[in-house]
Amino acid sequence: MSRSAHCINLFIVAGTVVAAGGVLWGHLAGPVAAQSLTAPTFSAAQQSTGDAVYKESCASCHGKNLDDGEFGPPLKGVEFRSAWFGRSADGLFTKIETMPPAAPGSLGAEKSAGVLAYLMSQNQLVASTQALPTDLDRLKGMLLPGATGGPSGGLSPNAVLPPPPHVVNPLDRYTPVTDEVLQNPSAGEWPSWRRGYDGQGFSPLRQITRANVAGLRAAWSWALPNGPNESTPLFHDGVLFVHAYGDKVQALDASTGDLLWQYSRRLPMGTPLSVKRAIALYGDKIYTGTSDTHVVALDARTGRVVWDTPIADVKQGYSLTGGVTVAKGKVLATTTGRAPGGNYIVALDAQTGREAWRFATIPRDGDFGGNTWNNMPHEKRNGASVWVPGSYDSTTGLLYIGVGQTYDTGPYRDPVAGANDDLLFTDSTLALDPDTGKLAWHFQHLSNDQWDYDWAFTRTVVRLTPGSNVLVGTGGKQAVYDYLDARTGKFAFSFDLGVQNVITGVDPKTGAKQIDARLTPGNGQTVMTCPHAGGSKNWLPDSYNPDSHVLFVSLVEACMDLLPVAPGGRGNLSTGVRWALRPRPDSDGKYGRVHAVNIETKKTVWMARQRAPMSTGVLATAGGVVFAGAIDRGFSAYDDATGHELWHTRLNDVPSSAPITYLVNGRQYVALVTGNGGAQAATFPALVPEIKNPPDRGATLWVFELPAR
């Protein structure tokens, strides 16, 4: 095994699990919570010994400064102290005794005590005249203090702490997430990205209603690591799970906001950080993608790593922005990026992490669809990213996933004689067997996308009447929606929400799009198209009420000029153009829109328009309330029948994800993550220069409730 493989496992708890004070003592330190403890002591001589041992045996992995190693997690700072402090000293001492990986156990008790003394000295504890013992029974009686020394001097070594108060930990009642839970979650649960397999994103909770939502107030908030955050929290059995920037996953008590554990990924040096839009629950595990394109399974009760599987090479341009989801015992990871040859949908066994199958979203020559790339060789094709998780339907047994556009439009603008330039599987819905990865059917919504108008977003599974065919529906950036027979892929119907000018018609039998050829960029002239490439609709998910058949969508009303660039100049599209934001020609200065449309009648029910562009997905509930947020930090509740705004609040920063709602201890809560930097928040601020958001930014998990009766 390589040094890096050994070193990554050093102090694995410090690298993965953060315990919140004494909350998890029952899980992580057994009897510690039930006895009185004293503060540890160590001598200056032990500290000096540990310094020398560290340099010889530990620095190669953890770094000269304890937190700058390429292979090992940090051994000082908040992450390390949160993992080990607040627990008895014997656990860390025992871990040190297993080091170094090349010669485990070779340090012996005295050197191990020295290393522990050195680590304490580098984490704000101060040497004394009393040496640190090497006897495990005595170390069990010593508490590495949750609040370290610093200027205040810390806890006295002679102080005896009484046992901490009893804390009810919801993880003690945590039950496995089954296929049935994901297919038919109970009313108060939100166990997957869009709540259930069907992608509807609708909650049957009705405690918060049109009549009382005006009284909604903040119940608690939790500061997340600063940075863009597009993650949707998950809720199961009283616990909120949230992904945070910097590859962290946190478990929180959903009623109080108390931290239960934190997983923190130690990334290879130089790895660019990326957002993750979805994490997943299944069985007794939680799954997340990482910025170095691995999928990691964590024990849902402790946050400890169960398995870790690489998916792709980040150095080749891949990322896992879309995150992960689960279907039929498979963890599904989808790659994004500009890597040569395109992207992948990868299925892993949920228990072991072994790869079960891999589906290429750009087929090779000789495979079905491989001849649709205008005679361009496979290694020069790119794109077909999968930006959000797919949906699943147990009646058809199929997984539905959307695929984006190519980034390199130039070679496909003009067809080569005798060649096909549809560019499969870009802008398509793929129906896959989750057991095998075999393609059951595909439907291409827009062939040869020359505008970056990808149809890569949520696939929503619906049934309009009992006994009718199951449909799967989706819309691309143009906010044109197609609905297909979920079993066969046959086109059913389409509707247009009226924010685009490129598609002039849709064939009612096949769903093929008629295009205004004058608006194809690359003819040397400026072309104005709607919407902007940032999308009127983007990845931000819709919410569908299965009782009323109304779909609720967040949109932005804006267009773009596709401007020619000089030869050799840098453009957004390789047809030689760059896009520039502009209002719609008929704009009244209102850019944000929440749009309600009945998919049975294809008629608009209402539109709620405002100046600030929308920046979140939508949450509709059985209480008759629809929630959505915008780039002015606004978070609003609307009447689902009329679109009238019923409640509004300002958040600390821009929300760039999707709200959820859940029930715990008989109370309904609404939760939303903020974290400026999402695609919407980055694209549209130029339209509203008067909106000033915090320049230093701040990410937070907000949770709202009604006042107690």
Undergrad: If I compare all heavy atoms of N123 with all of G77, which pair ends up nearest, and what's the gap?
TA: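 N123 and G77 have their closest heavy atoms at OD1-N, 3.0 Å.
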
Undergrad: Say you draw a straight line from CG of L119 to CG of L66; how long is it, rounded to the nearest 0.5 Å?
TA: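 One gets 6.0 Å once the value is rounded to the nearest 0.5 Å.
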
Undergrad: State, without any angle test, whether D292 and T271 hold a side-chain donor-acceptor pair at a distance under 3.5 Å.
TA: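 Side chains of D292 and T271: no pair found under 3.5 Å.
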
Undergrad: Do you know the tightest heavy-atom contact between A456 and V388?
TA: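 Closest heavy-atom pair between A456 and V388: O-CG2, 3.6 Å.
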
Undergrad: Can you see which heavy atom on G402 is nearest to which on V386, and at what distance?
TA: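 That would be O-CG1, 3.5 Å.
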
Undergrad: Applying side-chain hydrogen bond (donor to acceptor under 3.5 Å, both in side chains), name anything that partners D284, two or more places apart in sequence or on another chain.
TA: none

Undergrad: For D68, check side-chain hydrogen bond (donor to acceptor under 3.5 Å, both in side chains) against everything at least two apart and list the hits.
TA: N65

Undergrad: Restricting to pairs with a member in residues 666-691, which pass salt bridge (Lys or Arg N to Asp or Glu O under 4.0 Å), not counting sequence neighbours?
TA: R611-E690, R667-E705

Undergrad: Any carboxylate oxygen within less than 4.0 angstrom of a Lys/Arg side-chain nitrogen, looking at D542 and K537?
TA: yes

Undergrad: Kindly give the heavy-atom pair with the smallest separation between G199 and S391, and that separation in Å.
TA: CA-OG, 3.8 Å

Undergrad: Using the side-chain hydrogen bond (donor to acceptor under 3.5 Å, both in side chains) criterion, which residues pair with Y662? Sequence neighbours excluded.
TA: none

Undergrad: Apply salt bridge (Lys or Arg N to Asp or Glu O under 4.0 Å) to residues D640 and R210 and explain how you reach the verdict.
TA: CA-CA 8 Å; D640 75 345; R210 302 184 188 101; 2.6 Å; yes

Undergrad: Can a side-chain donor-acceptor contact be found between R265 and H294 if the only test is distance below 3.5 angstrom?
TA: yes

Undergrad: Take Y638 and V594 through the side chain to side chain contact (heavy atoms under 4.5 Å, CB included) test and state the conclusion after the steps.
TA: CA-CA 9 Å; Y638 304 88; V594 179; 4.0 Å; yes

Undergrad: Looking only at atom types and distance, does a side-chain atom of R459 sit under 3.5 Å from a main-chain N or O of F457, one as donor and one as acceptor?
TA: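 Yes.
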
Undergrad: Check the side chains of D258 and W222 for a donor-acceptor pair under 3.5 angstrom, ignoring hydrogens and angles.
TA: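 Side-chain D/A pair, W222 to D258: absent.
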
Undergrad: Using a 4.5 Å cut-off on heavy atoms from C-beta on, say whether the side chain of V703 contacts that of L240.
TA: yes

Undergrad: Are any non-hydrogen side-chain atoms of W220 and L701 less than 4.5 angstrom apart?
TA: yes

Undergrad: Kindly indicate whether a cation-pi arrangement holds for R277 with W193, taking the cut-offs as under 6.0 Å to the six-membered ring centre and within 45° of the axis.
TA: no

Undergrad: For the residue pair S319 and T336, confirm or rule out a side-chain donor-acceptor distance under 3.5 Å.
TA: yes

Undergrad: If you look at every heavy atom in D247 and G289, which pair is closest and at what distance?
TA: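 The pair with the smallest heavy-atom distance is OD2-O, 4.5 Å.
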
Undergrad: Roughly how far, to the nearest 0.5 Å, is the OG atom of S385 from the CG atom of N343?
TA: 4.0 Å

Undergrad: Salt bridge check: are D299 and R304 linked by an N-O gap of less than 4.0 Å?
TA: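 No salt bridge links D299 with R304.
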
Undergrad: Any chance you could lay out the side chain to side chain donor-acceptor pair (under 3.5 Å) test for D653 and T674, step after step, and finish with the verdict?
TA: CA-CA 6 Å; D653 213 327; T674 64; over 6 Å; no

Undergrad: Under the salt bridge (charged side-chain N to carboxylate O under 4.0 Å, His left out) rule, collect the residues that match up with R697, sequence neighbours excluded.
TA: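 Once residues adjacent in sequence are excluded, R697 has no partner under the salt bridge (charged side-chain N to carboxylate O under 4.0 Å, His left out) criterion.
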
Undergrad: By the salt bridge (Lys or Arg N to Asp or Glu O under 4.0 Å) test, which pairs, at least two apart or in different chains, include something from residues 674-684?
TA: none

Undergrad: Quick one: do the K276 and S231 side chains pair a donor with an acceptor below 3.5 Å?
TA: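 No - no donor-acceptor pair under 3.5 Å links their side chains.
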
Undergrad: Can you confirm if the NZ or CZ of R338 lies within 45° of the ring axis of Y407 and under 6.0 Å from the centre of its six-membered ring?
TA: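 Checked: cation-pi criterion met.
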
Undergrad: Assess the pair H236 and Y174: is the distance between their ring centroids shorter than 6.0 Å?
TA: yes

Undergrad: Just jot down the salt bridge (charged side-chain N to carboxylate O under 4.0 Å, His left out) partners of E557, sequence neighbours excluded, or say none.
TA: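 E557 satisfies salt bridge (charged side-chain N to carboxylate O under 4.0 Å, His left out) with R593, R609 once adjacent residues are dropped.
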
Undergrad: Report the C-alpha separation of S656 and N229 in whole Å, then their side-chain angles, then the decisive distance to 0.1 Å, and conclude whether the side chain to side chain contact (heavy atoms under 4.5 Å, CB included) test is met.
TA: CA-CA 7 Å; S656 300; N229 197 318; over 6 Å; no

Undergrad: Could you check whether R650 pairs with D632 (Lys NZ or Arg NE/NH1/NH2 to Asp/Glu carboxylate O, under 4.0 Å)?
TA: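 Result for this pair is no, no salt bridge flagged.
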
Undergrad: Could you work out, with ring-ring contact (aromatic ring centres under 6.0 Å, His included) as the rule, every residue matching F704, not counting sequence neighbours?
TA: F635, W647

Undergrad: Does R570 have more than 12 heavy atoms from other residues, nucleotides or ligands lying within 6.0 Å of its CZ?
TA: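 It does not: R570 CZ has 12 such atoms or fewer within range.
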
Undergrad: Please list, chain by chain and in numerical order, all residues satisfying side-chain hydrogen bond (donor to acceptor under 3.5 Å, both in side chains) with S554, sequence neighbours excluded.
TA: none

Undergrad: For residues V275 and P228, report the shortest heavy-atom separation together with the two atoms involved.
TA: CG1-O, 3.6 Å

Undergrad: For R633, give me all partners under salt bridge (charged side-chain N to carboxylate O under 4.0 Å, His left out), at least two apart in sequence or on another chain.
TA: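 Once residues adjacent in sequence are excluded, R633 has no partner under the salt bridge (charged side-chain N to carboxylate O under 4.0 Å, His left out) criterion.
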
Undergrad: How long is the gap from CZ on R194 to OG1 on T460, to the nearest 0.5 Å?
TA: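 Interatomic distance, R194 CZ to T460 OG1, rounded to 0.5 Å: 8.0 Å.
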
Undergrad: Show which side-chain atoms of residues 675-687 pair as donor or acceptor with protein atoms under 3.5 Å away, not counting sequence neighbours.
TA:
unit_1 : atom_1 : unit_2 : atom_2 : d
Q680   : NE2    : M614   : O      : 3.4
T683   : OG1    : A679   : O      : 2.7

Undergrad: Can you list the steps and then say if R81 with Q124 is a side chain to side chain contact (heavy atoms under 4.5 Å, CB included)?
TA: CA-CA 10 Å; R81 291 195 295 271; Q124 302 181 356; 3.9 Å; yes

Undergrad: With sequence neighbours excluded, what pairs up with K285 under the salt bridge (charged side-chain N to carboxylate O under 4.0 Å, His left out) test?
TA: none

